[in-house]
Protein chains: 2
Amino acid sequence: MKTKQDTLYVGSLAKGLRLLRAFDEGHTDLSLGELAQRTGLDKSATQRLANTLHVEGMLDKDPVTRRFRPSHAWLQMAYAYYWSDPLIGQAMPKLINLSQELGETVNLAEISGDHIIYVSRLPCKRTYFAATIIGRRLPALSTSGGRAIIATFPEYERRHAIETWPITPFTPSTTLDRDLIATSIAEAARDGFAVSTGQMILNEIGVASPIIGHDGRAFAAVQCSVSAHTWTRERIVADILPKLQDTANAISPAFRAHRAGGA
Amino acid sequence: MKTKQDTLYVGSLAKGLRLLRAFDEGHTDLSLGELAQRTGLDKSATQRLANTLHVEGMLDKDPVTRRFRPSHAWLQMAYAYYWSDPLIGQAMPKLINLSQELGETVNLAEISGDHIIYVSRLPCKRTYFAATIIGRRLPALSTSGGRAIIATFPEYERRHAIETWPITPFTPSTTLDRDLIATSIAEAARDGFAVSTGQMILNEIGVASPIIGHDGRAFAAVQCSVSAHTWTRERIVADILPKLQDTANAISPAFRAHRAGGA
DNA sequence: ATTATATGTATCATAATATGATACGTCAAC
DNA sequence: GTTGACGTATCATATTATGATACATATAAT
């Protein structure tokens with residue numbers, strides 16, 4: 001009846017993953033009942049799966065409130081991820097240099113479907129919490145990084161992305177008009193960098209330069225977020241952009257070499 | 001026969017987690033066979049579980065090499081973890097300030113069994129890759145952070161830790177003599193901060209100040225790593241330590257309030 | 001080229017394993 | 001003291017995972 005494709009699909013495992021995914025920024029710790037509700041699983045299944053995850057060290061359980069929470073293992077998974085992503089090793093030292101030179105927050109974003117995900121963040125100024133931690137996924141169309149990446153795609157794909165990829169209004173000034181986004185991306189294609197203003201946070205300006213892969217398509221971007229209170233677009237282009245682009249360009253060929261030469 | 005405690009333990013889920021844990025810093029991408037070997041599962045089970053993880057977006061699969069790799073979902077789990085850990089929210093802005101003031105690498109470490117785990121890292125200087133990414137677990141006894149934490153434990157527990165917790169020789173100068181570690185921890189208990197030299201990386205000095213919980217026990221530490229080529233112990237104590245301690249102390253009471261007042 | 005070896009993929013009968021309804025215990029609110 | 005909400009434990013049933021085997025495909029050796 002479930003017929004996903006049976007026989008090489010283990011339902012119990014998939015259900016267990018559902019439990020893991022039930023935790024997010026709005027749901028930091030969950031009771032058994034809440035878990036059941038959020039996963040759509042019945043009480044018994046939730047009980048067994050949660051218990052298994054607890055025994056296996058994936059979920060911590062508060063002995064008094066009996067609520068479940070992500071364990072340190074979740075961070076270890078990020079650690080393993082970092083080693084497995086060949087881009088990070090190449091990029092990290094260069095990003096550190098960049099953030100020191102600029103004295104401003106520097107991010108590394110990768111394309112992930114129709115979103116971008118922040119893979120590395122080097123915060124230099126105080127900002128919103130969400131802007132300081134890795135693993136955040138945001139609609140690619142609404143971020144400078146995403147636009148810088150999309151701008152390197154062939155015409156057809158680019159248009160497809162602009163027309164169909166999701167947009168969520170995070171601030172009153174988040175651009176919902178896809179024509180405006182198209183313009184922004186066209187500019188990015190012409191200039192080799194993208195800019196976004198107030199898309200995620202009010203009075204925040206983002207600049208991003210793409211990291212180009214062996215096939216000419218970008219799959220990541222180096223991005224810098226600054227406050228509109230202290231920066232203008234002109235000063236960003238004059239003072240930040242050159243170093244940003246140098247960094248992105250320095251990563252691109254190194255990465256190509258890595259892919260070609262690797263085991 | 002397996003009799004872990006049956007009925008509320010879902011074996012398939014646990015096996016799936018085994019696959020996830022097969023990836024680490026030495027094993028960044030694995031073939032089906034390698035996965036089977038590393039997990040001790042037979043080929044069929046590995047096939048089904050890996051496929052499930054792939055379908056569910058937990059593992060990426062290279063279409064040509066057919067090798068599996070951690071997916072971006074692993075980073076999203078770190079994101080969820082960050083929101084769930086009440087310490088991070090309190091600590092992050094203060095850590096950013098500290099790293100800007102010092103211009104040196106600042107870390108936040110939490111105790112995790114007999115290890116510490118780096119929960120946040122703000123690298124300012126170029127170092128080894130492993131020192132720039134979060135989620136690394138290290139033996140508590142061999143790190144300044146771990147020693148600073150253990151030093152706040154009651155006498156009995158402290159001695160138990162010193163005698164039984166694991167030590168791994170990472171460098172030729174890693175201290176294997178537990179008496180020397182006992183001395184270091186005793187000093188930390190007296191001074192309120194811990195120092196370690198060349199435990200993980202040669203010519204690296206670590207200083208750490210504990211973050212004390214409501215019960216007087218530390219559960220985390222703010223830590224700073226500097227090069228022995230440019231720093232001496234005296235200058236560290238004079239120039240770095242005060243700000244480090246201010247930061248740690250500023251986090252401790254805020255955290256207590258959070259625990260007490262929280263929902 | 002041809003064979004051999006390794007590695008990934010698909011199939012299927014069997015029973016072991018997960019299932020979920022139910023009942024019990026515990027705590028807090030009313 | 002009673003009620004309700006929530007976590008925990010049990011158990012008969014059949015759904016679901018199992019793993020041996022056979023097939024396909026890629027890589028290396030002769």
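Quick note on labels: first sequence line is chain A, next is B, and so on, each numbered from 1. As the structure is a computational prediction, the values presented were derived from the model and not from experiment. Both backbone and side-chain heavy atoms feed into the values below; hydrogens, waters and symmetry mates do not.
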Pair B:H72 and A:Y81, ring centroids less than 6.0 Å apart:
yes
Kindly say whether, by distance alone, the side chain of A:S44 makes a donor-acceptor pair under 3.5 Å with the base of C:dA21?
yes
Ranking A:T65 and B:S12 by the position along DNA chain D of their nearest nucleotide, the one closer to 5' is A:T65
| query | Within the structure, does a side-chain N or O atom of B:K61 lie under 4.0 Å from either OP1 or OP2 of C:dT9? | reply | yes
Here the distance between atom P of C:dT17 and atom CZ of B:R48, to the nearest Å, is 12 Å
Atom CG of A:L49 and atom C1' of C:dG20 are separated, to the nearest Å, by 12 Å
Atom CG of A:L59 and atom P of D:dG7 are separated, to the nearest Å, by 14 Å
Closest to the side chain of A:V10, out of D:dT8, D:dA17, C:dG20, is D:dA17
task = Report yes if a donor N or O on one partner sits less than 3.5 Å from an acceptor N or O on the other, where the partners are the side chain of B:R67 and the base of C:dG8; otherwise report no.
result = no
Ranking C:dG20, D:dT18, D:dT8 by distance to the side chain of A:R66, first place goes to D:dT8
Rounded to whole Å, the CG-P distance (B:L53 to D:dA17) equals 13 Å
- Query: Does NZ or CZ of B:R217 lie under 6.0 Å from the centre of the six-membered ring of B:F153, at an angle within 45° of the ring axis?
  - Reply: yes
Residue pair A:L32/B:V64 against DNA chain D: nearer the 5' end by closest nucleotide is A:L32
Practice item. Quote, to the nearest angstrom, the P distance that separates C:dT14 from D:dT13. Key: 22 Å
Please state whether the phosphate of C:dT19, meaning OP1 or OP2, lies under 4.0 angstrom from any side-chain nitrogen or oxygen of A:K15. yes
query: Does the ring centre of B:F23 sit less than 6.0 Å away from the ring centre of A:W83?
result: no
Is there, by distance only and without an angle test, a donor paired with an acceptor across the side chain of B:K43 and the base of D:dG19 below 3.5 Å?
no
* To do: Please determine, by modelled atom types, if B:R137 and B:S112 share a side-chain donor-acceptor pair under 3.5 angstrom.
  => yes
